[in-house]
Amino acid sequence: GNRIDFFGSLLLAVYCMKEKKFKFVGHTGSGFDYKLLDTVYSKLQELKIESMPIDHLPYMNRETTWVKPILVAEVKFNVWTKDGIMRAPIFLRFREDKKPTECTIQADNPTKGDSNDVGYEIKEQSHNSVDVKISNPDKVYWSKTREHPEFTKKDLINYYEFIGPLILPHLKDRPLSLSRYPNGIHGKSFYHKNWDQPKPDFVMTAQVHSEQRNDNINYIVCNNKESLLWIANLGCIEMHPWYSRINDFDSCNSSSLLYEEKCELNFPDFIVFDLDPYIYSGKEKRGQEPEYNRAGFRATVEVAFELYDFLRELKIRSYIKTSGKSVLHIYVPVINNYPYEQTRNFSEIIAKIMVSKFPNKVTTEWNTLKRKGNVFFDYNQNSRGKTLASVYSLRPTESATISMPINWKKLDSILPTEFRKSNSL
DNA sequence: TTATCAG
DNA sequence: CTGATAACAAGCAGC
DNA sequence: GCTGCT
Ligand SMILES: [Mn+2]
Ligand SMILES: [Mn+2]
């Protein structure tokens with residue numbers, strides 16, 4: 001499995017009718033996989049000769065082994081150089097149907113690199129109704145379980161195509177962090193915020209200043225169905241939108257110092273109460289996060305109801321969604337007049353009150369060991385730049401759960417695991 | 001998944 | 001062209 | 001400034 005064991009490149013020559021001689025036209029080292037490298041190398045062993053079968057070799061890339069000029073190769077190349085050498089030739093195939101003397105340069109005028117009207121195989125790309133290219137549609141993202149068959153990348157994209165009308169209004173004009181699983185839920189995942197690669201025109205982006213990198217982050221903004229599918233094709237399972245919207249893309253993308261004021265990015269339009277149960281199923285390995293379990297969810301529901309009551313006393317309306325695991329997210333819409341700093345502080349105050357009211361149920365402890373047995377009230381989740389998986393976002397769980405909005409009245413009678421990709425229709 | 005680099 | 005490799009986040013707490 | 005946690 002190493003190029004050193006074979007050859008670096010083949011020397012190419014064409015037949016000159018006038019002089020009845022072969023003329024050097026370049027090296028080709030590209031286009032070989034290891035299997036081909038091996039078969040070509042052994043084929044060449046039988047054809048070794050001592051002397052050079054061409055008149056003149058203008059340059060050498062490395063030590064050369066000569067072979068009888070009887071193999072005909074079809075190559076693709078960029079252009080002819082001014083010296084009549086092929087630029088960047090790529091080996092395509094041997095042509096057993098052609099004789100070496102048929103390898104001539106047309107019109108004696110080497111201008112066109114057109115050795116390959118044959119065309120080589122291009123794997124057909126799969127498309128969907130809005131014409132976004134899908135790569136690796138059959139890659140398995142969720143393996144088969146007792147509950148459901150395996151789900152592929154295509155299934156992921158189909159889900160977002162289906163849910164588009166519901167999820168898009170929640171993503172509109174919000175900078176989006178992508179939580180990507182390009183090799184499925186068991187593969188390596190990563191967050192992706194800064195988009196610095198080519199993108200289709202229908203995908204919008206917005207410059208958002210990052211203090212940490214002292215530079216802007218070019219966030220993706222998912223404002224249409226095409227973008228949603230394109231994002232899903234990046235292996236993005238979870239959509240993590242900001243809590244604030246961009247009011248004015250122009251001012252956001254200008255370098256004006258005031259742009260953040262004008263584009264309103266510092267002003268969230270909701271506060272989120274993130275309730276994370278630290279109630280263990282007992283099956284976790286040491287140091288592992290608590291995994292989904294019924295008791296953990298029940299404890300979270302209990303805290304959620306207490307929070308609902310308390311907020312209602314304050315005349316504050318709240319909405320709840322499952323996260324797809326034991327965690328619950330409670331949203332309070334606000335007029336976007338208060339910066340993140342204030343919504344975070346408000347959330348902290350509510351959290352501290354909840355701890356004092358229910359010291360045996362709620363905690364704001366930073367140390368995870370001290371959270372044990374309680375529901376962690378994560379008020380820092382309201383800091384600028386923090387995100388959560390949005391409502392209707394798919395989650396990288398075994399059963400392919402969905403973050404689902406729930407009517408408070410029904411909260412007592414549901415389980416987060418009952419909302420799945422497989423029954424979302 | 002994509003860009004980049006070397007063979 | 002093939003194959004290998006690298007990059008893909010950031011705020012807050014606490015020491 | 002570094003580490004852990006989210
Ligand atoms: Mn959470
Ligand atoms: Mn949290």
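Letters A, B, ... mirror the listed sequences (proteins, then strands); counts begin at 1.
Using the six-membered ring where Trp is involved, Phe297(A) and Tyr292(A) have ring planes that are tilted, between 30° and 60° apart. The aromatic rings of Tyr331(A) and Phe270(A) sit tilted relative to each other, their planes meeting at an angle between 30° and 60°. Ring pair Trp366(A)/Phe376(A) is perpendicular by interplanar angle, where above 60° counts as perpendicular and below 30° as parallel.
Nucleotides dC5(D) and dC8(C), compared at atom P, are 23 Å apart to the nearest Å. Between the P atoms of dT1(B) and dC12(C), the separation comes to 33 Å (whole Å).
Contacts of Lys199(A) with the nucleic acid, taken as non-hydrogen atoms under 4.0 Å apart, are absent. Backbone-only contact: Ile217(A) has heavy atoms under 4.0 Å from sugar-phosphate atoms and none from a base.
Atom CG of Leu234(A) and atom P of dA9(C) are 13 Å apart (whole Å). Rounding to whole angstrom units, CG of residue Asp215(A) and P of dA10(C) are separated by 10 Å. Ile220(A) places its CD1 atom 15 Å from the P atom of dT1(B), with the value rounded to the nearest Å.
The CD1 atom of Ile353(A) sits 11.0 Å away from atom CD of Glu348(A), with the distance rounded to the nearest 0.5 Å.
For Pro198(A), the side-chain atoms get nearest to dA3(B) when compared with the rest of dG14(C), dT1(B), dA3(B).
Residue Leu176(A) forms a side-chain contact (heavy atoms from CB on, under 4.5 Å) with just one option from Leu171(A), Val221(A), Thr387(A), Leu228(A), and that option is Leu171(A).
Two rings, from Phe7(A) and Phe32(A), have their centers less than 6.0 Å apart.
Taking 4.0 angstrom as the limit, Asn233(A) places none of its side-chain polar atoms (N or O) nearer than this to OP1 or OP2 of dT1(B).
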Quick one: which protein N/O atoms are closer than 3.5 Å to N/O atoms of nucleotides 6-8 of chain C? Pair and distance per line, please.
none

